Amino acid sequence: MKIAIASGKGGTGKTTLAVNLASYIAGLEDVTGKVVLVDMDVEEPNSGLFIKGDLMKSEIKYRMVPEWIGDKCTFCKKCAGVCNFNALAYIGVSVLIFPELCHSCYACSELCPEDALPMKADRMGELRHYSISDNLHFVESRLDIGIEQAVPLIKETHDFLKSEYDESDIKIVDSPPGTSCPVIEAVKDADLVVLVTEPTPFGLNDLKLAVDTMKELDKRFAVVINRSGIGNDEVERYCFDNGISLIGKIPQMQLAAELYSKGQLMIEIDEIKREIDKIWRNIVELK
Amino acid sequence: MKIVFAATGGNWDSKVDSRFGRAEGFVLYDEEKDELSWHSNAENKAAGHGAGVQAGQKVVSLGADVVVTGGNFGPKAAEVIQAAGIRMIPDAGEVTLKEAYTKIKK
Ligand code: SF4
Ligand code: SF4
């Protein structure tokens, strides 16, 4: 089972929910198999701040980027304008490649009649695999500084999950924030997407964008309100009016904020633990 | 000498554009022929990423010896232009092409 936790923007409590949910499920007796928390917010992975464990494996991840071989180039100019991502510039005296813009589509490489643009492996980031407890694992992918393409690394992370875990293992994916390509890639094969929002006008606005994206992707999704108690009830009304499942409300609590700032889990608080339990039961029913 | 200006319009009284990658367009002045020509940059203005790379490539393909912009070029455009051996004049300010040209010639 794969559950993606996402939100229309950052800072809504997406990571908090992912970490606490994964830890909670792993402690349940009726859950057999493994629980794995996966941080796919590759530009800024921060789930690791809240859970500590033993590093089992670390893998450097590469993507393919063309390299211009000047000696082979006949300056036929065919590659000028072929790149849809503006990652290649033909300038008469040479061909420049901008790896940070390259989407590894191979178009230029396949087009070049002289084989002067072969694809080569370029480091993009690192994947780390931790064991937190017997049945709780943690996978974290982090892009190198200066690398702008998140999608290839997210893809690699999905592949890693496939090779390491069974269908029946529970994967909780902390997705990147927003509604762009990286999120779409992160939620790709999720059985359910949980959208986290705050009960404020801004929260509602971002939630609507996220809901639109999920509808476009034809994804099954549900909503969790974080910091419930602040703001107003517009998010709740919006969910009700649009027939969207609201599967939990994590209360705003001083104590929770303190635990958070110390990098501790909120399920230490009974009231929050009960809500996380409810969210989990709802997920099982919906997915 | 061929001079390219990042510009908001196609004649001597048009302003130099303070942007480069997302400039309205480019004006090429061919001194030998004493000819001005306008080259729209509409496709790059709308580009999500890499506008600088494409704008740089465009200026190169126009055969410029010197390129002028009102502000700065941006790192990627600068890399392209520099690799092609073209002289860059940034920070021309909010002046007309005529004024900018007179200044270069001094
Ligand atoms: S297509 Fe190949 S040979 Fe032709 S200009 Fe580009 S790199 Fe050189
Ligand atoms: S591989 Fe594709 S994206 Fe990368 S430089 Fe070549 S054409 Fe552009």
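Computation of the quantities below employed the complete heavy-atom set of this structure, encompassing side-chain atoms and omitting hydrogens, waters and symmetry-equivalent molecules. Everything quoted here is computed from the prediction, not taken from an experiment. Just so it is clear: chains get the letters A, B, ... in the order the sequence lines come, proteins before strands, and each one is counted from 1.
- Of the possible donor and acceptor atoms, none in the side chain of N86(A) sits under 3.5 Å from a partner among the backbone N and O of G52(B).
- Heavy atoms of I91(A) lying under 4.5 Å from chain B belong to its backbone as well as its side chain.
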Pair V80(B)-F98(A), side chain to side chain contact (heavy atoms under 4.5 Å, CB included): steps then yes or no: CA-CA 10 Å; V80(B) 173; F98(A) 292 84; 3.6 Å; yes

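- Within the model, atoms SG of C83(A) and CD of Q54(B) stand 7.5 Å from one another, a figure rounded to the nearest 0.5 Å.
- Here NE2 of H49(B) is found 10.5 Å from CZ of F85(A). Values are rounded to the nearest 0.5 Å.
- The shortest non-hydrogen separation linking V93(A) to A83(B) is CG2-O, 3.6 Å.
- Environment of CD in E59(A): crowded, with over 12 heavy atoms of neighbouring residues, nucleotides or ligands closer than 6.0 Å.
- With a 6.0 Å radius and a threshold of 12 heavy atoms from other residues, nucleotides or ligands, E100(A) has its CD atom above the threshold.
- The number of heavy-atom neighbours closer than 6.0 Å to NZ of K120(A), taken from other residues, nucleotides and ligands shown, is above 12.
- Taking both residues in full, the closest heavy atoms of L101(A) and G50(B) are given as CD1-CA, 3.6 Å, listed atom of the first, atom of the second, then distance.
- Counting heavy-atom neighbours within 6.0 Å of R87(B) CZ, excluding the residue itself, gives a total of 12 or less.
- Atom NZ of K78(A) is surrounded by 12 or fewer heavy atoms from other residues, nucleotides or ligands within 6.0 Å.
- Atom CD of E43(B) sits in a crowded spot, with more than 12 heavy atoms from other residues, nucleotides or ligands closer than 6.0 Å.
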